[in-house]
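Here the structure is laid out as structure tokens; the discussion comes afterwards.
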Amino acid sequence: MRGMRRSGCLPASERVGGAGLASTRAQVGRDGQGGDVVCAVRDLTKTYPAVRGRRNAPGTPEVRATDGVRIDIRRGEIFGLLGPNGAGKTTLVRQLTGLMRPDRGSVEILGHDIVRHPERAARILAYLGQESTALDELTVSLAAETTGRLRGLDARTARAERDAVLEELGLTALAARPLKKLSGGQRRLACFATALVGERPFLVLDEPTTGMDPVARRAVWGAVDRRRAEHATTVLLVTHNVIEAETVLDRVAVLDRGRVIACDTPAGLKEQVAGEVRLELVWRERAPLDVPEVAALRDRAVESGRRWSLRLSPEEARAAVAAVTGGAAFAALDDFTLATPSLEDVYLALGGSAGSVRGLVKA
Amino acid sequence: MSMRASAAVRNRYKDDSRSEQEPLDVSVVPAEVVPGAARADGSRSVQTEAGARAVADLGPRARLWPALGAVYRAQLSRARVARIPLLFVATFQSVGIMVLMRGVVDGGGEARAVVAGSSVLVVAFVALNLLAQYFGQLRASGGLDHYATLPVPPAAVVLGAAAAYASFTVPGTLVTAVVGSVLFQLPLTHLWILVAVIPLAGAALAGLGAALGLLAPRPELATLLGQLGMSAALLLGVLPPDRLPTVVQWARDLLPSTYGVEALGLTFGPDPDWGVVLLDLAVCAGVGVASLAVATWAYRRAAVR
Ligand SMILES: Nc1ncnc2c1ncn2[C@@H]1O[C@H](COP(=O)(O)OP(=O)(O)OP(=O)(O)O)[C@@H](O)[C@H]1O
Ligand SMILES: [Mg+2]
């Protein structure tokens, strides 16, 4: 429960991170520009009001979707928001993009007060929302061009940037097709393309890679990385994909029920659970609870169907593996994996509600 | 017994495990080569709680007319793809009404009113009904976020969409007016007045439709209001006014499409009073400006929640 009370995420100045790639990159903003903060969020709070029930339909209680959130995002950084469904990620970014007024708190992006001047957000950042309905009936090409025009480009530049971005993302062959007629991943990629036309120093991407295959995902991260190398573009990325978070993010804030429960580099976060290993057990039909060792493990397992997930000390893990691979339990065992902890375990260790961990996908 | 259980002991800290999960080559940007983009282009520096911090210059704003043109073009293209069947429905509906009314009205003023009303009904169907639906759904599904996070004047979004829907009615209105004139033996001489009637009635009705769509709390309600508006345009525009009760005639005077209908109807007459035609069109234009202004306000309100 170490990080429970921490709700903020500020640049860690003294922490010595793991030797991973991510932590090397995380120093770009800090060292280069003297803590050059692109986006500063303080005490951001938003509560969706309760809805009174109508006849037959029950009402909904009020939801505090973001709760005293405090983060600093530095120049050139890929900053992630990780959390299960309903954690408040979209609500948070909608307040950063000027789409929603916070009840309390401040948002400052590149020196501009977005709470007081929400209309300025559109001139600083590009936002890729979770929905694409505004573009659905346009062709990929027209969607990109129109978005560029509406981002203030003249006609010639908009067309040139459209062509360049579609080419870069491998969408040229689909340019004449309406978004509606594309597959889910293709459509998502086309929407991502529109976010890149008309360059912005800050990209806010709400689950950009949902439904994408590895080729499309690589195109997305390649494009992001090029902009970062050439223009020091800063990226705020919403995800609930743990693998994605571990591989592409410089720093990540873990959100749970509206609160930031931890914030660090992925490697730094994993250090918090470094002394532990994760044991995954998959039973053929059901766990053999008549075996005492298995019954004892049950209390510590996060169960999802036939799968058990346990965080254990290395000694405990060794004993557990011995128990399930020898004797009566082995007949009921389908598969098991032993791994060093991932962000998923960090999430658990931080006190994220166990049930919602299943919302974090590994793919 | 076969070995079903397999052990895979992985070490995620190992460097190669990274590339195995996500083949990705992310460059490490040295601090020195990161261009201080905001500062290079002449931005200021302010003192804040966190010390000196650059205030970046804002990106360009999209200007009204180019943005309006871009929205218009995009909306027209999506209307072309998705709405052509509906345009046929609108046209057939109006032609059908005229065929029905042929047995009821006895030529002269009433015939002129029926043809004019049916023609403008096409505009009401598309500009009022379909646009109300469109904005209602766009708002409910979060589609407005796309426009709201682009530096585009609200008026450009509303006017561009309204103009696209209005121009989409042109073929149907034209066909209806010509078929009606032939059906009721009215002169085709002054049909050019449609050049003024369609945009002006279109502006008034599209503004109303957009405002209804953006203000309705739920998308079903937006659809309902759009359809009610169209029904009103049908009943109040097509039925000859002399036969309507006084109260309904007042309602008729309140409906923006009425003035377009009147103007068009007058030009079918033997010797149209152009002064009155102009007056009707002017009222139409006034209502159009007002309703588009309301729609723009409604968009602003809907975009930032
Ligand atoms: N318009 C709304 N009205 C009322 N409650 C809402 C509204 N939008 C979201 N919520 C609630 O606020 C909480 C946070 O929602 P949010 O959409 O920010 O989650 P999220 O982290 O983006 O989830 P996901 O991963 O599914 O996109 C949830 O409990 C949700 O039910
Ligand atoms: Mg979300």
Side-chain angles (χ1 to χ4, degrees), chain A residues 18 21 24-25 28 31-33 36-37 40 75-76 97-101 110-112 118 120-124 127 129 131 133-135 137-138 142 146-147 149-152 154 178 200-201 214 217-218 221 225 228-229 231-232 243-244 247-248 325 330 333-340 342, chain B residues 4-13 18 21-24 26-32 34-38 43 46 48 50-51 53-56 58-63 66-67 70-71 73-74 77-78 81-82 137-138 141-152 156 303-305:
Chain A
L21 181 60
T24 319
R25 283 188 276 141
V28 166
D31 298 342
Q33 306 286 331
D36 198 354
V37 172
R75 188 183 302 281
T97 50
L99 287 170
M100 189 182 274
R101 252 193 109 71
L110 286 167
H112 296 278
R120 289 192 191 165
R123 297 168 66 186
I124 305 174
Y127 172 61
E131 304 292 337
T133 35
L135 302 171
E137 282 154 326
L138 304 180
L142 190 57
T146 305
T147 308
R149 293 285 274 146
L150 299 185
R151 218 168 255 142
D154 63 60
R200 288 283 187 267
R217 275 215 290 269
R218 207 173 321 157
W221 300 126
D225 200 44
R228 190 161 65 145
H231 308 288
I243 299 288
E244 191 162 271
T247 49
V248 306
T325 53
F330 190 51
L333 189 65
D334 188 21
D335 193 6
F336 77 92
T337 358
L338 200 55
T340 49
S342 68
Chain B
R4 287 287 222 94
S6 64
V9 178
R10 288 175 290 150
N11 186 343
R12 283 160 182 272
Y13 287 125
R18 191 177 291 280
Q21 287 153 3
E22 187 96 349
L24 174 80
V26 182
S27 71
V28 177
V29 189
E32 297 80 354
V34 171
S43 54
V46 291
T48 63
R53 192 174 287 170
V55 178
L58 297 169
R61 211 196 292 267
R63 279 170 303 121
V71 172
R73 194 171 149 232
S77 108
R78 57 170 285 282
V81 176
Q137 279 160 13
L138 196 64
S141 68
L144 282 182
D145 288 3
H146 178 73
Y147 290 110
T149 48
L150 294 169
V152 49
V304 179
R305 272 173 284 177

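In what follows, chains carry the letters A, B, and so on, assigned in the order in which the sequence lines appear, proteins first and then strands, with residues in each chain numbered from 1.
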* Structure fact -> Of A:R123, A:R120, A:E131, the largest count of non-hydrogen pairs under 4.5 angstrom with chain B goes to A:R123
* **Contact leader toward chain B among A:T146, A:D154, A:I124, where contacts are heavy-atom pairs under 4.5 Å** => A:T146
* Structure fact -> Residues at least two apart in sequence or cross-chain that pass salt bridge (charged side-chain N to carboxylate O under 4.0 Å, His left out) with B:R73, listed by chain then number, are A:E145
* Just by distance, do the side chain of A:R228 and the backbone of A:G76 share a donor-acceptor pair under 3.5 Å? -> yes
* Asked: Of all of B:A62, B:G143, B:G59, which one pairs up most often with chain A through heavy atoms under 4.5 Å apart?
  -> B:G59
* Contact winner vs chain B - A:G98, A:A121, A:A134, A:P118, heavy-atom pairs under 4.5 Å -> A:A134
* To do: Under the side chain to side chain contact (heavy atoms under 4.5 Å, CB included) rule, what do A:L99 and A:Y127 come out as? Steps first, then yes or no, please.
  => CA-CA 10 Å; A:L99 287 170; A:Y127 172 61; 3.6 Å; yes
* Between B:V71, B:L144, B:L150, B:V152, the one whose heavy-atom pairs under 4.5 Å with chain A are most numerous -> B:L150
* Would you check if A:L138 and B:S77 make a side-chain contact, meaning some heavy-atom pair closer than 4.5 Å? => yes
* **Side chain / backbone / both / neither for A:L150 at chain B, heavy atoms under 4.5 Å** => both
* Asked: Quick one: side chain to side chain contact (heavy atoms under 4.5 Å, CB included) partners of A:A122, sequence neighbours excluded?
  -> B:P151
